[in-house]
J.: 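Mind looking over this structure? Questions follow.
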Amino acid sequence: MHAPGCNAILCRYGELALKGMNRGRFEARLGENLRRLLRGIAGVEARRVQGRMWLAKRDGVAFTPGELDLAAEVLPRAFGLTSFSPGWMVPPRLDEIRAAVAAATPSALAPLCAAHAPDVPVRVRVRTSRAWKQFPLDSLAMNVALAETVFALPGAERLTVDLENAELTVGCEIREEFAFVHFASLPGPGGLPVGSHPPVLALLSGGIDSPVAALLAMKRGCPVDFITFHSAPYTPPETVAKMEQLVTVLNRYQAPRRLFVCNLAPLQVRIRDACAERFRTVLYRRMMLRIATQVACRQRHAALLTGDSIGQVASQTIVNLDTINAATWMLVLRPLLGMDKSEIIALARRFGTYELSCLPGVDSCTVFMPSSPATGARRQFVE
Ligand code: ATP
Ligand code: MG
């Protein structure tokens, strides 16, 4: 982000998200999460003003370019934010606002001017929102006043006003406490701040699906701990190393939480030797759920979570899911149930887990894999 002198970041969150939730709790959680994500910026504070959150340094000084880059990198991971705008916070007076617009607009315009042929004008507009009704000019008059400021800048002959289809919008918010000038609204990830709901335990494999499922639970406000099953010595030690790496990536979206690692091999050997071959996968998965339930009870998780999607693989037919599910009394969240693989992959790319998931790894489910696994393993037989 190149925004010299920028001294504040306006953070927006969906009003709808607050329905039925305690607003104060939501905002406090969001503020806490933002401070944690931005702890690399010394003295940064998150302040609340009328349904918005403002990030600024304690002494009001401008962010450095490095600090702005850090904010642009981490804020898209702050669940609960719908969008954010870096900008200039000034006292709510016309002269101060005009000065901020005059100082900041040239660097916002520079890349647009550079990308245009000299005879093609850059389309600009001004948009004011005036939450403080005592401010002497109304929003329309402010739009005109700030447009005059912009068109008085050197090089303004290259600009044209376009209210419908602007390439640069000069945004201005006027509040009793301060005014705010900005040029861009960058997308946040949406959802609810992590911590708005109780923690859950995700069954994490090295595949593409379960990391995405875990992130979707975080997106709805649940902190997520992880449990993974390996089958040493039948799976290599790298299996666990890959899971640790995945959890490091997932923990960038929340205050870091734990990975539980469990060796399923002894149980798999018993299942291999004692049970019908075609039920193996379903039996492994039932064991995983049983063990996860024990861990979740001790760690006070409110639910389990898996990356199941209906019919994606043999173990995920409705009949098999029912039989697997019967191994636990706990709520099992399955946020990917209705998604196609291509949709899950798109999310994995967006969340940044795709590359790691694609690294080769052996899943413990594939150990002693039957040649034709049952797709309709009925509960009464399996039990
Ligand atoms: P994924 O891409 O998440 O590995 P998948 O499409 O390979 O899923 P399955 O192998 O049937 O599907 O696994 C379904 C779900 O069971 C996974 O999403 C995960 O939640 C859980 N699971 C499977 N294997 C393991 C494992 N080794 N450790 C922990 N959980 C697992
Ligand atoms: Mg898998």
Side-chain angles (χ1 to χ4, degrees), residues 200-217 224-232 234-244 246-247 249-250 258-265 267-268 271 279-296 301 303-325 327-328 330-349 351 353-370 373-375 377:
V200 302
L201 180 63
L203 282 82
L204 193 70
S205 71
I208 294 168
D209 303 340
S210 42
V212 172
L215 280 160
L216 290 178
V224 178
D225 282 307
F226 310 93
I227 183 165
T228 192
F229 298 90
H230 64 93
S231 309
Y234 306 99
T235 54
E238 296 86 70
T239 315
V240 176
K242 178 180 170 181
M243 301 313 301
E244 285 166 353
L246 256 178
V247 167
V249 174
L250 295 170
R258 298 177 70 178
L259 167 66
F260 296 88
V261 177
C262 179
N263 188 347
L264 202 66
L267 285 167
Q268 290 176 293
I271 289 170
F279 292 155
R280 267 180 208 164
T281 318
V282 167
L283 289 165
Y284 295 169
R285 298 286 313 284
R286 282 168 58 92
M287 278 304 176
M288 289 183 187
L289 276 191
R290 286 203 184 97
I291 294 165
T293 303
Q294 291 301 313
V295 174
H301 293 109
L304 303 177
L305 176 139
T306 71
D308 292 308
S309 154
I310 297 174
Q312 201 191 83
V313 291
S315 62
Q316 296 172 7
T317 62
I318 293 287
V319 172
N320 283 357
L321 281 175
D322 174 53
T323 302
I324 292 166
N325 198 60
T328 182
M330 276 190 94
L331 169 65
V332 181
L333 303 174
R334 295 183 171 89
L336 308 184
L337 269 190
M339 286 192 197
D340 297 339
K341 195 75 187 187
S342 57
E343 293 171 290
I344 299 169
I345 288 175
L347 283 174
R349 286 187 198 279
F351 287 134
T353 55
Y354 184 72
E355 276 73 25
L356 259 177
S357 288
C358 288
L359 293 180
V362 188
D363 191 275
S364 76
C365 281
T366 60
V367 169
F368 317 132
M369 185 70 158
T375 52

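One-based numbering, in listed order, for ligands and for the atoms of each.
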J.: With respect to atom 22 (N) of ligand 1, which of Ala214, Ala213, Ser205 exhibits the smallest heavy-atom separation?
T.: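 Nearest heavy atom to atom 22 (N) of ligand 1 lies in Ser205.
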J.: Counting only nitrogen or oxygen atoms and a 3.5 angstrom limit, does Arg285 reach ligand 1?
T.: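 Right, the criterion is met.
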J.: Looking only at side-chain N and O atoms, does Ser210 offer a donor or acceptor that is under 3.5 Å from a partner on Ser205?
T.: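 Yes, Ser210 and Ser205 have a side-chain donor paired with an acceptor closer than 3.5 Å.
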J.: Can any side-chain N or O of Thr353 pair as donor or acceptor with the backbone N or O of Pro211 at less than 3.5 Å?
T.: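 Absent.
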J.: Considering distance alone, does some N or O of Ile208 sit under 3.5 Å from an N or O of ligand 1?
T.: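 There is such a contact, yes.
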J.: Using a 4.0 Å heavy-atom cut-off, which part of Leu264 comes near ligand 1: side chain, backbone, both, or neither?
T.: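 Looking at Leu264 and ligand 1, no heavy atom falls under 4.0 Å.
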J.: Under 4.0 Å, heavy atoms only, figure out whether ligand 1 is touched by the backbone of Ile227, its side chain, both or neither.
T.: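 Backbone only.
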J.: Regarding ligand 1, does Met288 bring an N or O atom to under 3.5 Å of one of the ligand's N or O atoms?
T.: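 No: no nitrogen or oxygen of Met288 is under 3.5 Å from one in ligand 1.
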J.: Would you please indicate yes or no on a ring centroid separation below 6.0 angstrom for Tyr234 and Phe368?
T.: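 Yes - the distance between ring centres of Phe368 and Tyr234 falls below the 6.0 Å cut-off.
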J.: For the 3.5 Å polar cut-off, considering only N or O atoms, please tell me whether Phe229 and ligand 1 meet it.
T.: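 Looking only at distances, the answer is yes, because the N/O contact criterion of under 3.5 Å is met.
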J.: Is Gln316 close to ligand 1, meaning an N/O of one under 3.5 Å from an N/O of the other?
T.: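 N/O-N/O distance below 3.5 Å exists for this pair.
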J.: Please determine whether side chain to side chain contact (heavy atoms under 4.5 Å, CB included) holds for the pair Leu336 and Val212, giving the CA-CA distance in whole Å, both sets of side-chain angles, and the decisive distance to 0.1 Å.
T.: CA-CA 8 Å; Leu336 308 184; Val212 172; 3.9 Å; yes
J.: For side chain to side chain contact (heavy atoms under 4.5 Å, CB included), just list the numbers for Val247 and Thr228, CA-CA rounded to whole Å, side-chain angles, deciding distance to a tenth of an Å, and then say yes or no.
T.: CA-CA 10 Å; Val247 167; Thr228 192; over 6 Å; no
J.: Which ligand 1 atoms, with their elements, are less than 4.0 angstrom from a heavy-atom of Ser364?
T.: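 The list of qualifying atoms is 27 (N).
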J.: With a 4.5 Å limit on heavy-atom distance, are the side chains of Leu321 and Arg334 in contact?
T.: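 Result yes, sub-4.5 Å side-chain heavy-atom pair found.
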J.: With a heavy-atom distance limit of 4.0 Å, tell me whether Thr228 approaches ligand 1 through its side chain, its backbone, both, or neither.
T.: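 For Thr228, backbone and side-chain atoms both sit under 4.0 Å from ligand 1.
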J.: Just distances here: any N/O of Leu204 and N/O of ligand 1 closer than 3.5 Å?
T.: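 Between Leu204 and ligand 1 (N or O atoms, distance only) the closest approach is under 3.5 Å.
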J.: If we only consider heavy atoms of His230, is any one of them less than 4.0 Å away from an atom in ligand 1?
T.: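 Contact check His230 vs ligand 1: negative.
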J.: Could you list the atoms of ligand 1 found under 4.0 angstrom from a heavy atom of Gly207?
T.: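 Result: 1 (P), 2 (O), 4 (O).
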J.: What residues, two or more places apart in sequence or in another chain, satisfy side-chain hydrogen bond (donor to acceptor under 3.5 Å, both in side chains) together with Asp225?
T.: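 Arg257, His301.
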J.: Answer yes or no: is there a donor N or O on one side and an acceptor on the other, between the side chain of Ser357 and the main chain of Gly207, under 3.5 Å?
T.: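 Judged by distance alone, yes, a pair lies under 3.5 Å.
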J.: Has Asn263 got a side-chain atom pairing as donor or acceptor with Ala265's backbone, closer than 3.5 angstrom?
T.: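 Yes, the answer is positive, given that a donor and an acceptor are paired below the 3.5 Å cut-off.
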J.: Below 4.0 angstrom from a heavy atom of Gly307, which ligand 1 atoms are there? Numbered from 1 as shown, please.
T.: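 What qualifies from ligand 1 is 17 (C), 18 (O), 20 (O).
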